[in-house]
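Let me begin by presenting the structure, written as structure tokens, before commenting on it.
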Amino acid sequence: MITTKKGSAQKNEVTYEMQYGWQSPTCLPKVVDSWVYAEMRNEALVNSGQPAAFTPEQIAYYRNGGPNCKWIEELYKKNSPQQSHNLSFSGGNDKTTFLVSLGYMDQNSMFKGPDYGQQRYNGRLNLSHKVSERFNFSTTVAYARNEVKDHAYWTEWIIEQATRMPSIYPIKDENGAYTYPSGSNSNALARLEQGGYRQNSNDDVSATLNAELKIWDGLKLKGMIGGQLYNNRTHENRKAIEAPASGDTENRMTEQFARSLNLTTNVMLTYDKSFGKHTVGAMVGYSYEGGSDKGYDTYRVTETSDFDIMVGTQTSNVGNSGSGSDWSIYSEFARLNYNYDEKYLFEANLRNDASSKFAKGNRSALFPSFSLGWRVSEERFFEKLKEHVSSLKLRTSWGLVGNNRIDNYQYLSSVTVSPKYNFGNTIVNGASFAAVNTDIKWETTAMFDLGIDVGFLNNSLNITADFFNNVTRDILIGLPVPGMFGGGSPVQNAGKVRNRGWELNINYRFKTGQVEHFVSGNVSDAANEVIDTRGVEWINGADVNTIIKEGYPINSYYAYRVNGIFQNDEEVAQGPWLDGITPKPGDLRYVDKNNDGLVKESDDRFILGDNFPHYTYGFSYGFTWKGFDFSMFWQGVGRRNVWLRGESVEAFHNNNEGPVFDFHLDRWTPNNPDASYPRLTVGAESANNAAKSNFWIQDGSYLRLKNAQIGYTFPQKWMRKVYVKNLRIYLSGQNLFTLSHIKGGWDPETTDGGGRIYPVSRVISMGLNIKF
């Protein structure tokens, strides 16, 4: 249950909260120095049968003060400020209470460039009024305005280009001009600083009205109506970059607009009553949820970007498109509660949901659920045990949950009209029809949980343990169909997946003298398994291959398995070889699964784990002492597989001049046979080592200090003298420290597939809370 702050009767308060801090990027790749790069580039070229590129004099030049630029680091500011302010007023009387809050947030982007970042303005009004002893109502109105200014390109492209650039080139020359080395026609920093901008302006307005009527003792009628209107406008002005070698020569203006309107309403009749040791509760209700989405976008390649409007007379290099959709869910629901003497607890629920995303006849589905609880510690026979065990509760639950999260209109056949045929010298339109499945229905998950809650030391030490088993049936998915079908892969209800696991939570509060401590920890794990796919298995992905197959986790990694590194010509002769590739000493050797002498995709790939996190854990500690408080939170994953690819891990990826990272230093040479990386190569000579294999699947476990904070609350006897109820100041940090096994220094929490993502930020901030 989510609630919002409300005012209190006869208690008028003014609260101000402020936070100011600085962001800096974490987990950037560790690029080698320029002179080291030059030596390794020479080695890779010679290994690939090509002449060396750098003379000893050039290498000495780099070592003794020549260029040594880490391009990926040049994209980011050392420190980017952020601040937030919130002001609230609350109060009321016996009949009416209110809370008004105003907020402002300004967060600069870590990217270099002109005023990139986000600003948010928000306001909220919560109002409750007691009309009579039997009738009351409340309303909430909220508004948020978000202004996000970003560069006019794609973040992954900018990071990709900077990652591949070797450190021998400066990102700007001695005259301050952007450089375009290595045959590149783009400069990532130039795109950030001179390539234009993209401005998103979002308006989010929401309101709810709640009313409650007490019919008689225990029986109430409740109603709610709410809505949210979200408008987004995107204005992009991409500018040509004036530089001799720049390929960014296009001025392009884009305008986009999107609007979403969501409405929610429900009405409920509730009954709650106690009869001696018996407490019963019942509820029946009806709800509606619906929404509509509309949007359009238009662009024009312009002659100039000097003016921030769409100018130009050409009609050929322009385009526009639009879209719109509607959806709704109608639901009836009921609930029954029973509690006997605070010992035996029972609850049953039933929902009937009807979704517009399915055809008539398949729109409705029933979703029952129930839960049981037994407070064993309230039994008479437990009295003698309370000296050791303060509380004990056993509980279990089972229920069905529905999922209709697919695109709208999937049960309807869509028609696409586009130029297709040439009659004479005239191109005429043709129509194509999308494949459709009119029988799709709700996807259903059966959720079972068995739990225990135990308290010790007068409930200062609490332990909670849960086991869960969730089975999802009739999964809405586009299964592959034979190519002769010729109609794509329509959505269908196919397949069954199980998620089974456990969770353990421990909380402990204690005192040592005047210091109050709290310690908490949690750990959980879950196993995912595809149970049924109607006998179909399929492989997905291009750079990273995954497979969906019965008996394995969904989207498991699927690739070759490495069996060491070829050390000499004799081992190379013994093989096995990748089909069509002749390896050399220092190259990776792969497992020949069917022992036919060749390693081929069709026969010799293995299922090699998955990217699901296992043994997810967290640990918190804090204390309070004489107005001081301290807290910290650590979070981590004990086991996870991460498949990195491309320029995030491969030296000289895709025949580029770079990248080269610190872990490439331990590469194979005749004098370093136990290396962790194969021999350095470029171009076609890299085909063997660049094959998709478990060599690129890394240990993604990590431990991170997510948050630490220390604060001080001033004594009230001091504050009363200046008419202040409460004053607290604090210093906090986020993502302060990370332990990880990921090669290259990439972020273990977010990276998978490649490093082309905006980095996680480390934030140091100070704050103030004051109440009048």
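Ile158 CD1 to Asn187 CG: the interatomic distance, rounded to the nearest 0.5 Å, is 10.0 Å. For the atom pair CG (Asn437) and CZ (Phe358), the distance works out to 11.0 Å, reported to the nearest 0.5 Å.
Shown here for Leu75 and Ala188, the closest heavy-atom pair between the two residues is CD2-CB, 3.6 Å. Here the closest heavy-atom approach between residue Trp643 and residue Val544 is recorded as CE3-CG1, 3.4 Å. Of all heavy-atom pairs between Phe98 and Leu127, the closest is CB-CD1, 4.0 Å. For the pair Glu550 and Asp532, the tightest heavy-atom approach, listed with the atom from each and the gap, is OE2-OD1, 3.5 Å. Nearest heavy atoms, Ser356 versus Asp326: OG-O, 4.4 Å. Of all non-hydrogen atoms in Arg473 and Glu443, the two that sit nearest each other are O-CG, 3.6 Å.
Judged purely by distance below 3.5 Å, without hydrogens or angles, the side chains of Glu17 and Asn86 never pair a donor atom with an acceptor atom.
Under 4.0 Å is where a charged nitrogen must lie from a carboxylate oxygen, and between Glu147 and Arg145 at least one such pair does.
Between Tyr76 and Phe111, the ring planes lie parallel to each other; the angle is under 30°, not in the 30° to 60° tilted range.
Residue Glu160 forms a salt bridge (Lys or Arg N to Asp or Glu O under 4.0 Å) with just one option from Arg756, Arg191, Arg645, and that option is Arg756.
Contact annotation: the side chain of Pro748 approaches that of Cys27 to within less than 4.5 Å [non-hydrogen atoms, C-beta and beyond].
No more than 12 heavy-atom neighbours from other residues, nucleotides or ligands sit within 6.0 angstrom of CE on Met447.
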